[in-house]
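No experiment lies behind these values; they were computed from the predicted model shown. Letters go in sequence order (proteins before strands), and every chain restarts at 1.
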There are 2 protein chains.
Amino acid sequence: MTDRHYGVHGEFRDLLCSKNIKPSYQRLLILEYIMKNKNHPSAEIIFKNISRSVPTLSRTTVYNNLNIFVRKGILSSIKTNKSETRYDIIEIPHAHFYCLQCKRIIDVDLKIPLYRKNSIQGHKIEEVQVQFRGTCRNCFNKKEKKTKNVL
Amino acid sequence: MTDRHYGVHGEFRDLLCSKNIKPSYQRLLILEYIMKNKNHPSAEIIFKNISRSVPTLSRTTVYNNLNIFVRKGILSSIKTNKSETRYDIIEIPHAHFYCLQCKRIIDVDLKIPLYRKNSIQGHKIEEVQVQFRGTCRNCFNKKEKKTKNVL
DNA sequence: GTTTAGATTGTACTTATTACAATATTGTAG
DNA sequence: CTACAATATTGTAATAAGTACAATCTAAAC
Ligand SMILES: [Mn+2]
Ligand SMILES: [Mn+2]
Ligand SMILES: [Zn+2]
Ligand SMILES: [Zn+2]
């Protein structure tokens, strides 16, 4: 909105410009949110959090811009068990662990040659997603404790 | 429905029984469809195809039973770019290629040690999904042809 | 300051899926 | 065989995530 505000987001501003996306106020806020909260948020979570400080924000704006960011290769969209889409910054390739209990998506560093292939069995690869599903460390420990208490 | 019909599906019948699922007429048809059409169908596709011969079939039955099959470990649910869930038999582990053009999900044989791990970084793994996205061989060739014609 | 392209907003709509209650089918015990 | 209980199926209504679209707003170029 103001020049001062834009100044604060210099880094994100440059990223958007480099991808030919006009760095609007809302776009910067959305990008900033994802960059600073690397927890693979959904559109709804992003909307709720930003609209606390910007009550005029529209859900449509969030959806629109997330789609633009994905198309332009800034974000990747992650689908889990549930029906909602979640978002992650595209930077160094990594895998994800989706916890069926707490619904968190946890980064998993995994060095596999897969990420470098640009075609497989004749099909042209644009993106690779490796997703584990199960019970995360936290939830597993909690369950263990409960079991012990019962004994 | 009839004993005769059950007989035809002996193999699928046994599979369901072994998982403690009652082998109802509808369940056998759904399982049979997925087993015989290994093209990762959606609930809607399964519904449309089976209801051609069984017009009384309800969408809810299809959804219910697909969910049961997933919970019991007979099927895995695959999420793509689009919002619909697609289904695959759990047998030998393999990866998938999702074509962004024709929306087909193509099996990719990929021998990676990943499949055998049962935990990663302390998180308990129940399932691994490797999904490539891009343009499949078919669609890529079609595009090539078009480009040639233009020249 | 006007113009104009593009961004945002709010509402209505779509699509996939689930909740739920009524009905139907099955398997079992008398 | 018949009655009963347990489970499955069905149809409708509801939900949830996301998209279409038209009106309004913004910004930056002239
Ligand atoms: Mn991540
Ligand atoms: Mn497959
Ligand atoms: Zn967890
Ligand atoms: Zn294709």
Side-chain angles (χ1 to χ4, degrees), chain A residues 1-7 9 12-13 16-17 19-31 33 40-48 50-51 53-72 75 77-87 103, chain B residues 1-6 9 12-13 16-17 19-31 33 40-48 50-51 53-72 75 77-87 103 105:
Chain A
M1 199 157 255
T2 62
D3 281 33
R4 192 183 56 72
H5 207 112
Y6 271 20
H9 300 300
F12 308 139
R13 205 164 181 271
L16 290 181
C17 290
K19 299 273 183 179
N20 285 316
I21 305 169
K22 285 199 183 170
S24 77
Y25 184 55
Q26 289 82 342
R27 279 175 189 159
L28 287 167
L29 289 174
I30 293 167
L31 193 57
Y33 184 86
H40 315 94
S42 63
E44 186 62 21
I45 291 286
I46 295 168
F47 169 74
K48 275 190 182 142
I50 300 181
S51 58
S53 50
V54 185
T56 57
L57 183 69
S58 161
R59 249 183 206 87
T60 306
T61 302
V62 175
Y63 279 110
N64 281 345
N65 287 317
L66 287 173
N67 285 340
I68 290 170
F69 295 166
V70 169
R71 255 186 280 125
K72 293 282 191 166
L75 300 182
S77 70
I78 305 171
K79 307 268 178 169
T80 64
N81 248 6
K82 307 287 283 308
S83 52
E84 66 179 12
T85 302
R86 297 177 52 181
Y87 296 89
K103 273 65 178 162
Chain B
M1 198 159 253
T2 63
D3 281 35
R4 191 182 58 73
H5 206 113
Y6 271 22
H9 300 300
F12 307 138
R13 204 164 182 273
L16 290 182
C17 289
K19 299 274 183 177
N20 285 316
I21 305 168
K22 287 197 182 172
S24 77
Y25 184 55
Q26 289 82 341
R27 279 176 188 159
L28 287 168
L29 289 175
I30 294 168
L31 192 57
Y33 184 86
H40 315 95
S42 63
E44 185 63 20
I45 292 286
I46 295 169
F47 169 74
K48 275 191 182 140
I50 300 182
S51 59
S53 50
V54 185
T56 58
L57 182 69
S58 162
R59 247 181 209 89
T60 305
T61 301
V62 175
Y63 279 108
N64 280 345
N65 287 318
L66 288 173
N67 285 339
I68 289 170
F69 294 166
V70 170
R71 254 185 281 124
K72 293 281 191 166
L75 300 182
S77 70
I78 305 170
K79 306 268 177 168
T80 64
N81 249 3
K82 308 287 283 308
S83 51
E84 65 179 14
T85 302
R86 295 172 58 176
Y87 296 89
K103 273 65 180 162
I105 295 177

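Take the nearest nucleotide of DNA chain C for B:K79 and for A:I68: the residue whose nucleotide is more 5' is A:I68.
Contacts of B:S83 with the nucleic acid, taken as non-hydrogen atoms under 4.0 Å apart, involve only primed sugar atoms and P, OP1 or OP2. Among the atoms of the strands shown, none is found under 4.0 Å from any heavy atom of B:S42. Residue contacts for B:T56: at a heavy-atom cut-off of 4.0 Å it reaches the sugar-phosphate backbone alone, with no base atom in range.
Whole-Å rounding puts the B:N20 CG to D:dA8 C1' distance at 16 Å. If you take CD of A:E44 and P of D:dT15, they are 16 Å apart, rounded to a whole angstrom. In this entry the distance linking CG of A:L57 with P of D:dC25 reads 17 Å, nearest Å. Here C:dT15 presents its P atom at 17 Å from CZ of B:R86, a figure rounded to the nearest Å. Atom CZ in A:R59 sits roughly 15 Å away from atom C1' in C:dA12 (whole-Å rounding). Taking atom CG on A:N65 and atom P on C:dA7, their separation rounds to 8 Å, with Å as the unit. Rounded to an integer number of Å, the gap from A:I46 CD1 to D:dG18 P is 10 Å. Look at CG on B:N64: it is 9 Å from C1' on C:dT18, rounded to the nearest Å.
Between B:K79 and A:N81, the shortest heavy-atom distance links the atoms NZ-O, 2.9 Å.
One finds no side-chain N or O of A:Q26 lying less than 4.0 angstrom from the OP1 or OP2 phosphate oxygen of D:dT26. Look at A:N67 and you'll find a side-chain N or O under 4.0 angstrom from OP1 or OP2 of D:dT19. One finds a side-chain N or O of B:Y63 lying less than 4.0 angstrom from the OP1 or OP2 phosphate oxygen of C:dT17. Considering only side-chain N and O atoms, A:S24 lies under 4.0 angstrom from the phosphate OP1 or OP2 of C:dT8.
For A:T61, the side-chain atoms get nearest to C:dT9 when compared with the rest of C:dT9, D:dA8, C:dG6. Proximity note for B:E84 (side chain, C-beta onward) versus C:dT9, C:dA7, C:dA16: the nearest is C:dA16.
A distance of 13.5 Å separates NZ in A:K72 from CG in A:N67, rounded to the nearest 0.5 Å.
A:L57 places none of its side-chain heavy atoms less than 4.5 Å from the side chain of A:L29.
Side-chain atoms of B:R59 never come within 3.5 Å of backbone atoms of B:F47 as a donor-acceptor pair (strictly under, hydrogens ignored). A donor-acceptor contact shorter than 3.5 Å is absent between the side chain of B:R13 and the backbone of B:P23.
Side-chain to base pairing of B:T60 with D:dT12: one donor and one acceptor N or O lie within less than 3.5 Å of each other.
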